[in-house]
Amino acid sequence: MRASQLHLPTLREPPKDAETISHQFLVRGGYIRRVAAGIYSFLPLGVRSMEKVKRVVREEMDRAGAQEVFLPAIVPAELWIESGRWQKYGPELLRLKDRKQAEYCVGPTHEEVVVDLVRKDVRSYKQLPINLYQIQTKFRDEIRPRAGLMRGREFVMKDAYSFDATVEGAHKSYKGMYAAYNKIFTRLGLRFRPVEADTGNIGGSMSHEFQVLADSGEDAIVACSACDFAANVEKAPLQPSDWADTPDDLDLPHAVETPGAKSIEQVCKLLACKPEQMIKAVLYMADEAPAVAFVRGDREVNEIKVKKALGCQALFLAEADWFVKATGLPPGYLGPILPDDFEPSRVRLIADAEIAGMATAVCGANVKQQHLVDVSPSRDLAHLTFADLRMAVAGDACPTCGGALQAFRGIEVGHVFYLGQRYSKAMNATFLDEQGQEQVFEMGCYGIGVTRILSAAIEQNHDARGIRWPVALAPYEAVVLAMGQDAVITELAAQLAEELRQAGVDTVLDDRDERPGVKFNDADLIGYPLQIVVGKKAAEAVVELKVRHSGEKLELPAAGLAGQVAKAMVLGRAGQTLTADLLR
Ligand code: ATP
Ligand code: MG
C-alpha cells in the first residue's frame, strides 16, 4: 500500500476534548473522528487495527469451540420484559419505538436475544454444550462517555454465551473461555492481569476481569506479592482484625467541643489526632431507610460490600436533609454510640471489621459540635454489627496467604462471568436431560471490549511522539520511508516494500512528496512497529531500521531484509515485543 493513496489525515494538535493520551493519538494519528459524544467514525487505519483485534478474537474463540453468530442490534422490548431487565436497566438503555409504537432497545448486551435463540432450537442435552459468540456494535448511553474509544456510547464488543446441561459443565466452559482470553490478550501483546471481580447480585466466585495494566486506568486492582491472588478492589475481601484490648488507663468515652469541625481533616487538626485514629461515618439510604457505615478515618467505603452487608437492593448516599428528617441525628457529628433515649430501629449501623482492631478512637458524639474521645471499640462498640466494608489498599494482608497486597491501576478489556440460571430461568429456557426431564440451562457470558482494546493498548504503549503499537495491533507492521525523490531511493524503497509484502509483512510505502521530518513525525505518531528508512545509503543498498517500541536503530543491507523482518513479525504477531535483536 502506498501512503500517497491512503486516507491518512494526521493532525498536529490534539482535539480540545481529549484529555487522555490514547484519545489524543487516535485522533491525531488519523484513526478515528468524533461524530457525537461517545460516538466515532473509524478511518482506514482505525478499521485496520480494529480488524486485527477481531481476527485474533475470532481465531481464539473458534479454537476454543465457540461458534460465531450475528444477532440484531435492535431488540424488541418483550425479551427484556421477560428477563426482568426492561424495568431494572436504567437510562443507559437506549429505548426506541417503531412506526407502530412497538418498543425496542439498542442492545447494550445480548443475553436475552441469545437465550431466546437457544431455547427455540436446542431441545436435548445431546446438543449441549454450546457456546455462541458475535462481534457487534453495542450502545450504552453512558453518563460520562470519555477518553475516546475507552468509554464510548457506541462501541464494538465481542460477546459470547455458553449453555451447559450441568453446573460442572458450565464451570468447564468458563475455564475454557478464561484460557482463551489469556491467549487473546497475550497475542495482542498487552501486559494484563486476570483479576477476581464482583459478581453483583448473582453471587459466587466466578467472575474475572481482564485488566490491562496502565496508570491511567479507571479500575483499582490489588494483587498479592507472594501468591497468585489478584482482584478488583471492589471485590477483594479483607481479613478481619482481632479485637484490640482496651488500654489500662483509658477513661470512659467523653465528649469534647469541636465547633465547626465536620470533616476528618478538621477534627484531626483541632484534636491533634491522625485520620487512622478516627471513625468516619458515611450516610446511606438503603432501600429507602437510613443506614450508616463506619470505617476508619483514612479508609474508603466499598459500597458493593456495604450493599451485601445490609442485604439491600438499592443503596445511595443519603442527602443530609433527608437523613436529619429520618433520624434526627446530626450529619458531620455522627458516631456509633447512640444517645440512650434513641430508638435503635430508626437507623441501621454497620462498622468495618478493621475498627475492632483500633485500641482507641475518636468519633462523632451524635451531638452538634461535639466528638467523643477515648473510645475503645472492644469495650464501647460491641453493640455494632461488624463486617468487611472497606476498599482494599496496598499493604493490606492478602485474603489467601496473608502476604502484602500491591496496588495497580487497570483498564477492563474483558470480562468472564458464570451466570448460572439467572437468564435461562427467567426466560424459561429449558432442555430435556438424559432421563427426559426438563432442565434449565446453565449459562456463562464472556465479553471483550474490541474498540476499548485499541485505547488500552495505546495507554500502555506510547511516548511523547506517538503510538508504539504491539505488532498484532498495528494498522501496518512496517513502513518503508522513501527519503527523497531520487530514482535510486524511490526504486529501492518500492522494491523493498514489494519484497516485504510478498514475505507476508503488512507494509506501507511512504512515497509521499514530503520532507523527511514530516514522514518521521507521521510514522512515530501513527506508531508502525518498524520503520525502514531508505535514504543516503540507497546507492549501496543499505537501509536504516528503527524499532518504534525500543527506539533502537540499526543499519542493514536491503538484500535479504524482507525475510528477516517477516520472521520477526511472526513473533510479534504472537505477542512478543519487537526488538533490534529479532531483526539481526
Ligand atoms: P465498565 O465497568 O468499564 O463499564 P462493564 O462491566 O459495564 O464495563 P461488560 O458489561 O462486562 O462491561 O462488557 C464487556 C466489555 O465491554 C468490558 O470488559 C469492556 O471491555 C467493554 N465495554 C463496556 N462498556 C464499554 C464502553 N462504554 N465503551 C467501550 N467498551 C466498553
Ligand atoms: Mg459499564
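We count ligands from 1, going down the list as the structure has it; atoms in each ligand are counted the same way. Along the sequence shown, residues carry numbers from 1.
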Check: Only one of Arg409, Glu209, Gln211, Glu412 clears side-chain contact (heavy atoms from CB on, under 4.5 Å) with Ile221; which?
Finding: Gln211
Next item on the list: Return the orientation label for the Tyr528 and Tyr476 ring planes: parallel under 30°, perpendicular over 60°, tilted otherwise.
Entry: tilted
Next item on the list: With atom 10 (O) of ligand 1 as the reference point, say which of Met157, Arg153, Arg140, Arg144 has the nearest heavy atom.
Entry: Arg140
Margin query: Please state which option from Glu209, Arg151, Arg146 has its nearest heavy atom closest to atom 1 (P) of ligand 1.
Written below: Arg151
Margin query: With heavy-atom distances below 4.0 Å as the criterion, list the atoms of ligand 1 near His415.
Written below: 11 (O)
Checklist line | From the candidates Pro145, Gly152, Gly38, the one that places a heavy atom nearest atom 28 (N) of ligand 1 | finding: Gly152
Check: Near Leu149, which atoms of ligand 1 are under 4.0 Å from a heavy atom of that residue?
Finding: 29 (C)
Notebook entry, point to check: Should the pair Glu103-Arg95 be classified as a salt bridge under the 4.0 Å nitrogen-to-oxygen rule?
Noted result: no
Note to self: I'd like to know whether ligand 1 has Met150 as a neighbour, heavy-atom separation below 4.0 Å.
What the structure shows: yes
Notebook entry, point to check: Going through the distances and angles, do Tyr174 and Tyr418 end up as a ring pair (Phe, Tyr, Trp, His ring centres under 6.0 Å)?
Noted result: CA-CA 7 Å; Tyr174 182 96; Tyr418 166 57; 7.2 Å; no
Note to self: Can you classify the ring geometry of Phe163 versus Phe441 as parallel (below 30°), tilted (30 to 60°) or perpendicular (above 60°)?
What the structure shows: perpendicular
Next item on the list: Could you pull out, from Glu234, Glu412, Glu218, the option with a heavy atom nearest to atom 8 (O) of ligand 1?
Entry: Glu412
Notebook entry, point to check: Ile448 to ligand 1: N or O pair under 3.5 Å?
Noted result: no
Item checked: Residues Tyr284 and Arg348: side-chain donor-acceptor under 3.5 angstrom -> no
Notebook entry, point to check: Quick one: does ligand 1 sit under 4.0 Å from the side chain of Glu142, the backbone, both or neither, non-hydrogen atoms only?
Noted result: side chain
Check: Does Val413 have a non-hydrogen atom less than 4.0 Å from ligand 1?
Finding: yes
Note to self: Using ring pair (Phe, Tyr, Trp, His ring centres under 6.0 Å), reason through Tyr178 and Phe210 one step at a time and then give a plain yes or no.
What the structure shows: CA-CA 9 Å; Tyr178 183 95; Phe210 285 76; 5.5 Å; yes
